[in-house]
Every structure is written in structure tokens, then in C-alpha cells.
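Each ligand, and each atom within it, is numbered from 1 in the order the structure gives.
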Amino acid sequence: MHSSSPGLGRLRAAVATLAVAALVFAAAGAGAQAVTTDDAFPVQLVTVDTPTRDHKDVLNDLGLDLTEHAGHDYVEVVLHSAADEEALRDSGLTWDVRIPDLMLLEARNNQVNREFSAATVTSPLPSGRDSYRRLEDYNTDLEALVDGNPGLVRPITLSRTSLEGKPIHGIEIAADVDTTEDGRPTFAMFGLHHAREWPSGEHSIEFAFDLVNGYGSDQRITDLLQRTRVIVVPVVNVDGFEKSVNDGLLVDLRELDGGGTASILGTPNNAYKRKNCRVVDGQEPLPGSCDAAKSPGSFGVGVDLNRNYGAFWGGPGASDVFADPTYRGAAHFSEPETQAVRELVASRHVTTLITNHTFSNLVLRPNGVAPDTIGPDGYPVGDAPDEQAMKDLGARMAAQNGYTNQHGWELYDTTGTTEDWSYNVTGGFGYTFEIGPDEFHPPYPEVIDEYLGAGEYAGKGNREAFLIALENAADATTHSVVAGKAPAGATLRLKRTSPTTSWDGSFQDTVDTTMTVADSRGRYTWHINPSTRPLVQARQYRVLSGEPIESAEYSGTTPPLTHTDQEFTVTHAGADALEVKLDWPTPDDMDLYVYRANADGSLTEVGSSTSFVLSKERVLVQAPDPGTYVLRVENFASATPTWTLTAGVYDMVDGTVPALIEAWTMSCEVNGDVREQKALIVDRGQRVKADFSKCRGR
Ligand code: 0X9
Ligand code: ZN
């Protein structure tokens with residue numbers, strides 16, 4: 001009946017893949033029972049092609065369970081029933097089946113995990129762990145690390161509890177850990193902002209075990225723990241993670257019982273939950289309400305904690321629709337979990353930060369939006385002022401795990417992420433690791449391989465990448481130092497309150513840190529972040545020079561759901577950019593693609609613009625080779641089929657966003673009284689002197 005549907009061929013391919021999966025499952029071990037039956041529709045994960053926002057809108061309107069994150073041109077969706085599949089087919093959207101039976105996969109993974117765990121006494125991980133931790137396992141392990149290592153590990157409980165009132169636990173690891181505020185730089189690692197990304201918590205806590213095990217026996221680790229302080233918070237989204245891991249492992253238990261097949265198939269419950277437990281904006285969730293509002297995937301209840309941080313909040317790549325996977329929250333830092341991380345990071349000089357996620361094998365650095373995005377201050381956002389240094393460090397880390405080292409925006413646009421805030425507002429280098437190749441929570445042996453490295457990365461892996469990050473945290477050439485004399489016992493304070501401009505206006509961000517002068521002769525050294533925030537540093541950008549070298553204008557008519565190709569030839573060699581702009585009379589949506597016409601008649605896409613309804617389309621091709629280009633106008637949903645297209649070849653000129661210089665307010669306090677205060681300006685890599693001779697007790 002839908003034989004002409006574009007999805008059908010793919011569906012046949014999917015059936016073949018299903019057979020393969022079933023084989024894998026059968027091979028996974030004796031006792032594994034097939035959980036699919038002929039009459040049951042296998043819950044499957046499909047990748048729906050959504051090259052434009054309109055495709056996404058059409059998809060949204062179907063009310064399907066959109067499980068995974070959406071990229072520029074796809075959304076991953078869970079199909080629960082034949083009716084779901086039919087709705088998708090009727091919509092005209094196309095898709096590929098990525099995981100033909102999600103519960104089979106979950107069960108297979110759990111089966112692999114069970115067998116691995118049964119066959120393993122201690123895994124090669126630093127903790128010896130052989131299976132995914134639940135929330136209580138994290139808390140028990142953190143407690144054991146504290147209890148077993150006095151003087152080396154101390155507990156840190158974040159300043160806020162989760163929406164459900166759970167504490168968010170972490171630990172601090174350092175030689176003489178209890179000598180707090182001794183001026184050492186801090187390295188911070190976070191896991192599980194996203195509930196279903198279980199390996200991100202595993203790697204975070206394993207790194208803590210590694211450091212603890214290595215202290216006193218491994219020279220490099222011992223040195224590093226003498227020069228730095230390490231904070232590890234393995235589970236930020238405690239509420240969401242608890243639900244994801246409990247439901248994900250519950251499938252395992254039901255499957256073990258050999259019963260409840262239908263219910264296993266019926267729903268993956270919260271196994272693929274992404275967001276936190278916000279059920280209604282501005283309100284604390286009623287007991288049990290988050291659990292009851294099963295969100296099998298990204299959609300459903302919750303705020304995306306990795307869109308809720310303050311820098312750039314409210315900009316591209318974050319949704320203002322509650323049910324969306326990347327819902328940014330009602331306001332910047334509206335969620336207690338992000339506010340807690342903010343308060344922790346802003347009370348320290350975190351000179352390097354890693355926030356772990358899964359998956360895609362990436363080392364991502366700021367910024368989260370492309371450099372030519374016009375930022376909230378009206379200028380292009382540009383590259384991070386420390387782009388070169390962060391790129392280099394990223395490359396050194398990526399050489400250990402084989403990941404791709406790239407900007408956040410090269411994955412897709414994001415705003416309100418952890419590292420965009422922490423870097424731009426505190427100055428510490430910040431990275432997102434997307435751990436693993438292809439699953440949110442793959443079989444546990446993969447977690448081990450990613451951590452320790454396998455194949456050509458054996459002995460390296462994320463373990464080595466994290467150690468390199470920690471070395472960077474210790475390296476004073478990538479942060480700043482203030483040193484001098486102050487009375488023994490005095491408290492030194494570095495504080496800066498400044499406006500952070502986000503897309504919803506500006507708010508005050510405060511960094512407030514202290515150290516204690518311990519030396520009896522009053523000498524102190526303090527490793528700190530630079531006084532000027534990257535957010536307001538001078539930044540370079542490139543814009544088109546005034547007049548095009550060559551240009552053309554076209555107009556045409558393209559009925560809905562069809563496209564029109566227009567050729568344009570670049571004759572000038574060596575130009576910096578080809579700009580193509582598409583305009584049409586109504587505030588709805590047309591999309592623009594630009595292709596290079598190859599000698600053999602084939603087309604290579606060199607740019608596309610498929611923005612949201614209301615904004616017109618623009619493509620910029622850098623350094624266009626002379627030759628023929630095909631400009632494709634696609635009318636997805638525009639009521640008026642007429643359009644105008646302009647193409648121009650330009651040179652570009654460099655611009656600079658004027659810099660602000662910011663100062664720390666540095667004060668010397670005795671018994672809580674400020675006795676002396678000065679403004680301190682210090683750049684990255686700089687060491688400055690500050691003596692407090694008038695800071696005496698009264
Ligand atoms: O979308 C995210 O939050 C991260 N990917 S995930 O699949 N784990 O959800 C990527 C965040 C990347 N950070 C920046 N682009 N700045
Ligand atoms: Zn994530």
C-alpha cells in the first residue's frame with residue numbers, strides 16, 4: 001500500500017540487519033533468549049533525514065519518540081509500533097534503520113555485560129570494575145576513595161541538590177588535600193550531564209581511581225598531585241542518570257527472568273533519557289513525577305543541562321520548546337544542577353576542565369557556534385582567543401584516543417554548554433569528550449577499551465588524554481600566576497563580578513576565590529586564571545569587503561516540495577569568498593544548497609543554508625575555485641514560490657572586536673576584615689607580583 005514510499009527499500013535492508021543482530025545476539029551466549037517474536041514490532045532506532053528545519057517540524061508534529069540528539073540533517077527516532085512506522089512513512093520523510101531492535105540491543109549489551117562480569121574477577125580498569133555503576137555505586141565508590149585515602153582524597157558535595165533533592169557528590173584529590181586554598185591550580189572533570197551517557201561517568205570516576213592508585217607509586221601522577229588539585233564529579237545529572245541506568249539495567253533483569261517479553265518490547269522507559277527531572281518549569285517535581293513521565297529518549301520532560309549554562313544562553317543550537325531534546329530551560333542557570341557546577345567552578349581557579357559525554361569519538365573545544373555567527377554583542381562570535389593553544393592541546397589529547405579534534409560547532413551548533421561558559425567566563429581551557437564510536441551506553445568492555453586504549457591506542461586511551469589535560473592544568477604558561485608577600489595566616493581573595501552577555505541579555509557572573517598564606521615568612525604563590533575573560537578579549541573576524549569582484553542576480557519560481565538549479569560561474573581566481581543569498585517574499589521557508597559542478601557532470605556540495613523559518617538563507621564558500629557552481633533553491637514549505645538569488649565573489653577584510661581589559665579585585669583579609677585591596681591585571685602566561693604590606697591584624 002505504501003510501496004512507492006522512499007523508506008521501504010531501507011526497511012528491507014533493515015530486516016536483513018535485524019537478522020544479523022539476532023545472530024550476534026545468539027552468539028552472545030547460551031541462555032540468551034530472543035526477545036522479538038514475529039507478531040511483535042521490534043522497537044527500533046531510525047535516523048530520519050531532516051535536512052531542513054521544516055523536516056524537523058514535520059517530524060515533531062508526528063508525535064513520535066525522538067530519541068537521540070538531532071544533527072543538522074537528521075533526527076534519531078524510536079519507532080515503537082507499526083503505527084509509528086506508518087505515520088513516518090505517510091509523512092513522506094525518509095529514514096535509515098540504525099538499530100533494528102533497540103531492546104534486543106539493550107538485552108544483548110546486558111547479556112555481554114553479564115557474561116563479561118561473570119568471567120571477570122577484576123577488570124584492567126583502575127578500580128577493577130567490570131560492569132556499569134548505578135548511582136549508589138558511584139556514591140559508595142566516592143565514599144570509599146575518601147575513607148581509604150585520608151590526606152589524599154576529600155569529599156566535595158556541590159552547593160545545590162538536584163531537583164529531586166539528591167546530593168551531587170564529588171571528590172577532590174591532591175597531595176595534602178586538606179591544606180585547602182594553597183594556591184595550586186585546579187583540574188575539574190565532570191560526567192553524566194546527559195543521563196543515558198553512562199560511560200561518561202565511568203571514565204570520570206576511573207580517572208579518580210587512577211590518580212589515587214598512582215599517588216606514591218607513579219612518579220608522574222605523584223608530581224601532578226603535588227602541583228594541582230583535581231576535582232571529579234562523575235554524575236552531575238543524578239536524577240536523570242538514576243532513572244536511565246535503573247531502567248536500562250531493568251531490561252536486563254526482566255530478560256533474565258525469561259518473562260515479560262511484551263513489556264520489555266513495549267518501552268525502553270527511561271533507558272535513553274537525556275535531560276534532567278524538570279517536569280514543569282519553575283516548579284520542583286512532585287515525588288515520583290519525573291519517573292512517571294517516562295521519556296524514553298531525548299524528548300519529554302526535562303531541561304538539557306548542556307544548554308542551560310549562561311554563556312551564549314538562548315542562542316542557536318538550543319531549543320525553547322520544553323519537550324525538545326535540547327531544551328535550554330526557562331532561563332540561564334535555571335537548573336540547580338548547572339548552578340551547582342557554576343558555583344563550584346567559580347570558587348576555584350579551574351585552569352583546565354573536561355566534561356565527558358558519549359558518543360562520536362570527539363574532542364570538542366569552544367566555541368559552540370560557528371565564528372561568523374553574529375553574537376549577542378552584534379559582532380561575529382569569532383574563534384576563541386586561545387584557539388591555537390586549545391587546538392594544540394586538543395590535538396595532543398586526540399592523539400591518545402584517536403578521536404577527532406574539532407570545534408564544538410563542527411558537530412552542530414550549541415549554546416549554553418558547560419565548556420562555553422567555563423572557558424569564556426573563567427578563562428580555564430574547556431573540552432567536551434564524546435566517548436566511544438556509536439552508542440550511548442555500549443557493552444562494558446568497550447568502556448574499558450576507550451579508557452585504557454585498544455589496538456593502536458593500547459596503553460594510551462582517555463587515561464592518557466586526561467593525564468595530558470591534567471598536565472596542562474599544572475602548566476603555568478597556559479594560565480597566570482600572582483605571587484608576593486602577605487602576612488602569614490592572611491586570606492587572599494581574587495574576585496571579579498562582570499556582565500556576561502547572552503542572547504537573552506546580560507547577567508552578572510561572579511568568580512570569587514580565596515587562598516590562605518601558609519608560609520611563616522609570608523611568601524605566597526597563586527595559580528590563577530587571567531583577569532580578563534575570553535568573552536571580552538579582542539577577537540578577530542573576517543567579513544566581506546564592500547563591493548563584489550563579480551556578481552549576478554537571478555529570480556525564479558519553485559513550487560513547494562520541488563527545487564530549481566541555477567548555474568553561476570566564478571571566473572576570478574584567488575578570491576576569498578563566494579557569497580550566495582536567497583530571498584523570497586513570505587516569512588516561511590526555502591532552503592539553499594551550493595554545489596561545485598565537476599568535470600564529469602557530478603555535483604559536490606560546498607555549502608548549504610537551511611535555517612529556521614523567518615530567516616533568509618545565505619551560504620559562504622571560502623576560497624572558491626574558478627569554475628561552475630550550481631545554486632539550488634529548494635522550496636520546502638513556502639507559500640510564495642518566487643525568489644531572488646544573488647551570487648557575489650568577494651575578497652574579505654579582517655575586523656577586530658575591540659577588547660576590554662578586566663581586573664581581578666585582589667584583597668588581603670585578616671579575621672574576615674579587608675585590610676588591603678588592589679586591582680590586579682594579569683594575562684595568560686604572565687606572572688605578576690602583588691605584595692600586601694599594609695595587610696596587618698588590628
Ligand atoms: O549536544 C551536546 O550537548 C553534546 N553532544 S551529546 O551527544 N553528548 O549530547 C555536544 C556538546 C558540544 N559542545 C559544544 N558544541 N560546545
Ligand atoms: Zn551528552
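- Using modelled atom types and a 3.5 Å distance limit, the side chains of Glu450 and Tyr403 yield a donor-acceptor pair.
- Near Thr414, the atoms of ligand 1 lying under 4.0 angstrom from a non-hydrogen atom of the residue are 13 (N), 14 (C), 15 (N), 16 (N).
- An N or O contact shorter than 3.5 Å links His357 to ligand 1 by distance.
- The Zn ion (ligand 2) has no N, O or S atom of His193 under 2.8 Å away, backbone or side chain.
- Not a single N/O/S atom of Glu434, whether from backbone or side chain, sits less than 2.8 Å from the Zn ion (ligand 2).
- Not one N or O of Trp409 is nearer than 3.5 Å to an N or O of ligand 1, by distance alone.
- Note on Asp372 versus Arg542: no salt bridge recorded, every NZ/NE/NH1/NH2 to OD/OE distance being 4.0 Å or above.
- A donor-acceptor contact closer than 3.5 angstrom is absent between the side chains of Asn306 and Thr417.
- If you number the atoms of ligand 1 from 1 as listed, the ones under 4.0 Å from a heavy atom of Leu364 come out as 12 (C).
- By the 4.5 Å heavy-atom criterion applied to side chains, Ser127 and Arg133 are counted as neighbours.
- Nearest N/O/S atom of His194 relative to the Zn ion (ligand 2): this is ND1.
- The closest side-chain donor-acceptor pair between Gln537 and Thr532, if any, does not fall under 3.5 angstrom.
- Distances shorter than 4.0 angstrom occur between a heavy atom of Arg307 and an atom of ligand 1.
- Using a 4.0 Å cut-off to heavy atoms of Thr417, the atoms of ligand 1 that qualify are 13 (N), 14 (C), 16 (N).
- The option from Arg274, His193, Glu419, Glu434 that lies nearest to atom 5 (N) of ligand 1, judged by heavy atoms, is Glu434.
- Taking the Zn ion (ligand 2) as reference, His357 places its N/O/S atom ND1 nearest.
- By the 4.0 Å N-to-carboxylate-O rule, Asp304 lies too far from Arg328 to be salt-bridged with it.
- Checked by atom type, the side-chain pair Asn356/Ser200 shows no donor-acceptor distance below 3.5 Å.
- Heavy-atom distances between Thr358 and ligand 1 reach below 4.0 Å in at least one pair.
- The pair Arg160-Glu343 meets the salt-bridge criterion, with a side-chain N (NZ, NE, NH1 or NH2) lying under 4.0 Å from an Asp/Glu carboxylate O.
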